[in-house]
Q: 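Got a structure here, written out as structure tokens. Questions coming.
Heavy atoms only: backbone and side chains are in, while hydrogens, waters and symmetry mates are out.
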Amino acid sequence: MKKRIVAVVISIVLALGVSDTLKDYVQSRMNGAIINQINAMGGATTLAAANICTGGKTFVSDELTEDVIYLYTYESAVPVAISFAVGEDGAVSATGNFILYEGFNVDTEQDIKDFFEEFSVKVEAITK
């Protein structure tokens with residue numbers, strides 16, 4: 001089973017005058033929101049099925065410095081998105097979701113970049 005790993009870094013721009021604390025909070029919520037939005041494109045049933053299959057874990061790591069989504073794509077299986085939200089003192093919250101929206105084309109790295117273009121995020125291949 002051929003596997004590709006892609007990192008998706010989401011960076012949002014908030015209006016001037018927003019506190020850093022609020023900006024960090026909103027930023028940390030964006031990863032999960034975008035994954036849910038992708039599954040919602042498949043309708044309520046797809047979104048509900050994807051949310052039932054969500055798992056999470058909190059752990060401590062100094063290796064992550066920014067929030068990121070790792071997208072695991074497979075030749076014969078649905079993609080899996082693991083979003084990592086970095087907290088205080090090395091705390092990291094990881095949430096895994098299947099991406100069940102059938103319109104999410106992951107055949108090539110360029111297909112993935114094209115899909116995420118509308119979300120204004122940076123996509124970087126980890127493996128090809």
Side-chain angles (χ1 to χ4, degrees):
M1 180 182 299
K2 185 177 178 184
K3 177 173 72 171
R4 177 186 306 113
I5 305 171
V6 176
V8 179
V9 178
I10 300 168
S11 181
I12 60 169
V13 178
L14 294 175
L16 294 175
V18 175
S19 73
D20 287 341
T21 301
L22 179 57
K23 181 180 174 188
D24 291 344
Y25 175 77
V26 171
Q27 179 70 48
S28 72
R29 309 288 293 171
M30 292 304 294
N31 287 350
I34 285 182
I35 299 305
N36 282 332
Q37 186 173 355
I38 292 169
N39 279 318
M41 291 175 175
T45 302
T46 300
L47 178 61
N51 282 332
I52 289 171
C53 299
T54 298
K57 182 173 178 94
T58 302
F59 57 93
V60 176
S61 173
D62 293 329
E63 294 178 34
L64 290 173
T65 58
E66 65 182 338
D67 295 350
V68 65
I69 299 171
Y70 285 104
L71 179 64
Y72 296 84
T73 64
Y74 303 91
E75 197 171 275
S76 301
V78 297
V80 175
I82 311 291
S83 58
F84 295 91
V86 178
E88 295 178 13
D89 299 325
V92 177
S93 175
T95 305
N97 302 82
F98 291 106
I99 299 183
L100 302 178
Y101 171 52
E102 291 179 2
F104 185 58
N105 184 1
V106 295
D107 290 341
T108 68
E109 181 185 338
Q110 191 59 50
D111 290 333
I112 296 168
K113 286 181 178 181
D114 291 346
F115 185 88
F116 279 104
E117 187 174 62
E118 71 180 86
F119 294 99
S120 299
V121 301
K122 180 177 81 176
V123 176
E124 174 186 332
I126 304 297
T127 63
K128 296 199 182 224

Q: Is Val106 reachable from Ile69 through a run of hydrophobic residues whose side-chain heavy atoms are each under 4.5 Å from the next?
A: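 Yes, same cluster.
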Q: Do Val92 and Val80 share a hydrophobic cluster (ILVMFWY, side-chain heavy atoms under 4.5 Å, transitive)?
A: yes
Q: Can you sort out the partners of Phe84 under ring-ring contact (aromatic ring centres under 6.0 Å, His included), two or more places apart, ordered by chain and number?
A: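 Tyr70.
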Q: Walk me through whether Leu71 and Ile99 qualify under side-chain contact (heavy atoms from CB on, under 4.5 Å).
A: CA-CA 9 Å; Leu71 179 64; Ile99 299 183; 3.7 Å; yes
Q: Could you list the residues that satisfy side-chain contact (heavy atoms from CB on, under 4.5 Å) with Thr95, not counting sequence neighbours?
A: Thr54, Ser83, Ser93, Asn97
Q: Just so I know, are the side chains of Ile112 and Thr73 near enough to count as touching, which here means a heavy-atom distance under 4.5 Å?
A: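 The answer is yes, as the side chains (C-beta and beyond) meet within the 4.5 Å cut-off.
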Q: Parallel, tilted or perpendicular, judged at 30° and 60°: which one describes the rings of Phe104 and Phe116?
A: perpendicular
Q: Apply side-chain contact (heavy atoms from CB on, under 4.5 Å) to Asp107 and list each qualifying residue two or more places apart in sequence or on a separate chain.
A: Asn105, Asp111
Q: Quick one: list whatever passes side-chain contact (heavy atoms from CB on, under 4.5 Å) with Gln110, sequence neighbours left out.
A: Thr108, Lys113, Asp114
Q: What residue pairs, at least two apart or across chains, pass ring-ring contact (aromatic ring centres under 6.0 Å, His included) with a residue in residues 32-62?
A: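 Found none.
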Q: Applying a strict under-4.5 Å side-chain criterion to I, L, V, M, F, W and Y, I'd like to know whether Tyr101 and Leu47 cluster together.
A: no
Q: Quick one: are Ile38 and Ile34 in side-chain contact, heavy atoms under 4.5 Å?
A: yes
Q: Among residues two or more places apart or on two chains, list those pairs meeting side chain to side chain donor-acceptor pair (under 3.5 Å) that have a residue in residues 35-52.
A: none
Q: How close do Ala81 and Ile35 get, heavy atom to heavy atom, and via which atoms?
A: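 Here Ala81 and Ile35 meet closest at CB-CD1, 3.6 Å.
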